[in-house]
Amino acid sequence: MFKKILIANRGEIAIRVARACKELGISVVGVFSDADRDSYHLHYMDEALWIGDSSPQASYLNISKIIDVAKQAGAEAIHPGYGFLAENSNFAQACEESNIAFIGPNSKALSLVGDKVASRNTVQKVGVSIIPGMQGVGRDTKHFKEMANKVGYPVIVKASMGGGGKGMRVVYSEKELEASIAAGQREAKSAFGDASVYLEKYVEKPRHIEFQVLRDHHGNVVHLFERECSIQRRHQKIIEETPSPAIDEALRNEMGEAAKKVIEAAEYTNAGTVEFLLDGQRNYYFLEVNARVQVEHPITEMVTGVDLVRQQILIAAGKKISNKQKDFAQRGHAIEARIYAEDPENDFMPSPGRILYLNEASGPGIRVDSGIYQGWNVPPHYDPILSKLVVWAENREIAIRRISNALSNYVILGIKTNVGFLKRIMETKKFREGDYHTHFIDENESALIRQKEKIRNVLIAAALLASEKNSIMTQTGYATSAQVETTPWQELGGWEICKH
Ligand code: MV4
């Protein structure tokens with residue numbers, strides 16, 4: 001087993017990984033940029049090394065610097081977390097060349113799953129269904145036109161080296177096709193340094209369902225069921241839950257087995273996620289492999305009892321997965337809501353700044369994976385995720401009430417957050433019924449965004465009360481989960497102005 005692991009990340013995920021290391025008796029080396037000198041993740045490290053100035057390029061994306069500090073600290077392995085270098089095959093290769101274990105798949109598997117066209121071909125060979133479309137990259141306009149006519153409009157043009165939604169163009173008719181190809185190529189070139197694009201049938205209003213898979217270096221592979229991730233905005237997931245309200249036992253087993261086949265075909269090791277689209281007729285199609293521990297991994301941990309980060313470390317150290325597929329089961333229901341420093345009323349602009357007051361939710365069945373503390377200044381340089389509120393309950397209905405109450409009790413003052421927005425999603429009829437798809441937020445955005453006027457009036461009233469009566473804000477009760485309509489007062493969390 002490793003004695004020392006370097007965590008090449010920051011924020012809540014760096015803390016999550018540090019916990020798994022400590023529980024294995026492994027010491028942890030943290031890294032930080034100039035912007036992260038006071039960051040919470042450093043409190044969880046046995047030692048911490050500076051890797052560069054505040055820009056991600058100079059620090060958390062700086063391959064040679066991270067390898068250097070890992071060597072300097074004597075770390076035998078690097079955990080990349082998610083984002084930054086987590087799926088970068090050059091980074092995995094640099095680790096391999098330096099004899100440092102990269103806690104993830106090897107560089108060859110990373111290259112394969114990073115190439116969406118190559119992945120489609122690999123997956124098709126093992127008999128897992130892919131969305132009808134091109135086998136390779138598009139050659140010329142004629143090739144695109146022929147394929148579009150074959151699969152029928154609408155179609156979607158995607159970047160071969162893309163993923164996560166960048167470089168995608170939906171095309172509704174032949175007259176838009178040529179311009180969309182050109183635009184897709186330009187975007188792909190600038191985002192991924194590779195202009196190749198391909199075309200497939202566009203699946204309208206699908207659900208996004210992904211399967212968690214683990215595969216060791218001895219050929220053992222298991223899946224840990226699905227996560228439903230359809231509640232997203234501009235390709236950024238917001239709420240995830242498991243089990244998915246959309247699939248039954250038979251379909252779950254079939255998709256889980258398909259996910260394992262994908263991972264085997266790619267000769268992929270460690271933890272990975274196989275993404276599928278599910279259409280309105282319950283047909284599922286392979287979309288892509290995410291080669292990292294994902295932001296939403298805790299919901300799988302809550303219903304299976306498996307510590308995924310611990311498993312990642314054990315697999316990287318060469319250990320065998322000792323359990324068989326039949327040993328795993330889903331128990332109860334888990335939901336995660338991602339808490340961001342952003343302003344839903346202002347087009348979700350990032351809202352960095354000082355956290356003046358923080359009271360994170362707690363209670364039975366509540367887990368908060370957090371990277372923040374009261375008094376900390378959220379820097380503007382990175383992804384604005386602050387923490388993740390995760391709940392477990394016996395069933396979906398209770399889990400929704402539990403997370404709704406927990407959101408009411410989650411108080412962050414000083415910066416704008418999406419907490420109220422998340423709570424309003426939980427209160428919609430469609431979410432409660434489990435009847436939603438990937439366009440849920442787009443279709444309901446205006447209803448989900450608080451009326452500016454209403455909240456402004458409440459804040460003015462609060463300020464007046466506070467100044468005139470020399471009162472302070474005191475935490476008191478909380479909104480009841482039976483409440484479907486929220487008032488701005490409730491969105492302040494369990495607070496009221498009290499005379500002092
Ligand atoms: C699609 C699609 C519909 N049809 N492909 C978005 C991110 C990337 N992983 C692939 N994505 C999509 N590919 C076809 N042929 C719709 C999406 C999509 C989506 C997928 C998953 C989760 C959220 C999404 C939001 C919009 C579009």
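Throughout, residue positions are numbered sequentially from 1 according to the sequence presented. Remember, it's 1-based here, ligands and their atoms both numbered in the order they're listed.
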Less than 4.0 angstrom from a charged side-chain N to a carboxylate O is my criterion; do [X] and [Y] meet it?
{"X": "Glu336", "Y": "Arg227", "result": "no"}
{"X": "Arg215", "Y": "Glu267", "result": "no"}
{"X": "Glu394", "Y": "Arg331", "result": "no"}
{"X": "Glu146", "Y": "Arg139", "result": "no"}

Legend entry - Protein residues that have a heavy atom under 4.0 Å from any atom of ligand 1, sorted by chain and number: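 Heavy-atom contacts below 4.0 Å: Ile131, Ile156, Lys158, Gly164, Gly165, Met168, Glu200, Lys201, Tyr202, Val203, His208, Gln232, His235, Glu275, Leu277, Leu287, Glu288, Thr438.
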Please output the side-chain donor-acceptor pairs of residues 80-91 that fall under 3.5 Å, not counting sequence neighbours, one pair per line with the distance.
| unit_1 | atom_1 | unit_2 | atom_2 | d |
| --- | --- | --- | --- | --- |
| Tyr82 | OH | Glu12 | OE2 | 2.5 |
| Glu87 | OE1 | Arg292 | NH1 | 2.5 |
| Glu87 | OE2 | Ala291 | N | 2.9 |
| Glu87 | OE2 | Arg292 | NH1 | 3.2 |
| Asn88 | OD1 | Asn90 | N | 2.9 |
| Asn88 | OD1 | Phe91 | N | 3.1 |
| Ser89 | OG | Ser111 | OG | 3.4 |

Inset, instruction - Measure the CD-OG distance between Gln185 and Ser190 for me, rounded to the nearest 0.5 Å. - result: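 If we round to the nearest 0.5 Å, Gln185:CD and Ser190:OG are 12.5 Å apart.
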